[in-house]
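Counting begins at 1 with the first residue of the sequence. For clarity, every value in this text was computed on a predicted model and none was experimentally measured.
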Amino acid sequence: MSGRPFCASWTPPSAPVTAARTGVGDDPGAVTLSSALAEVALEGPSEVHRAACGIVDGLRGQARPDELEDAKEHFVAEARRALRADDGPEPDGTARPAAS
């Protein structure tokens, strides 16, 4: 069983728990954001989770738009790096460069 069906089935019961823990139950966007971050923590590599936390921290800390854009770009870069690592070797048979 992959992690995605598990997380999808967990969303309804986790919403009230998230609301109680974070105090954001009246804001559906905040609950969705917390749920998305939890899903990344469960399913993603730690580098991707840390990058996602950077976005969430920026949103919660009212970061400047350019700081949020930088955090988003960092998250996208980490996610792409993780996906490339999962894809295996390049089509020509050469190994992919190691992620730095």
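Under the side chain to side chain contact (heavy atoms under 4.5 Å, CB included) criterion, Leu37 pairs with His49, Ala52, Cys53, Val56, not counting sequence neighbours. Taking Glu67 as the reference, Arg64 meet the salt bridge (Lys or Arg N to Asp or Glu O under 4.0 Å) condition, with sequence neighbours excluded.
To the nearest 0.5 Å, atom CD1 of residue Ile55 and atom CD of residue Glu69 are 9.5 Å apart.
Glu39 places none of its side-chain heavy atoms less than 4.5 Å from the side chain of Ser35. Side-chain contact between Asp70 and His74 is absent, with no heavy atoms from C-beta onward closer than 4.5 Å.
Between Pro45 and Ala82, the shortest heavy-atom contact is CG-CB, 3.6 Å.
Leu42 is not connected to Phe75 by any chain of hydrophobic side-chain contacts under 4.5 Å among Ile, Leu, Val, Met, Phe, Trp and Tyr, and they are in different clusters.
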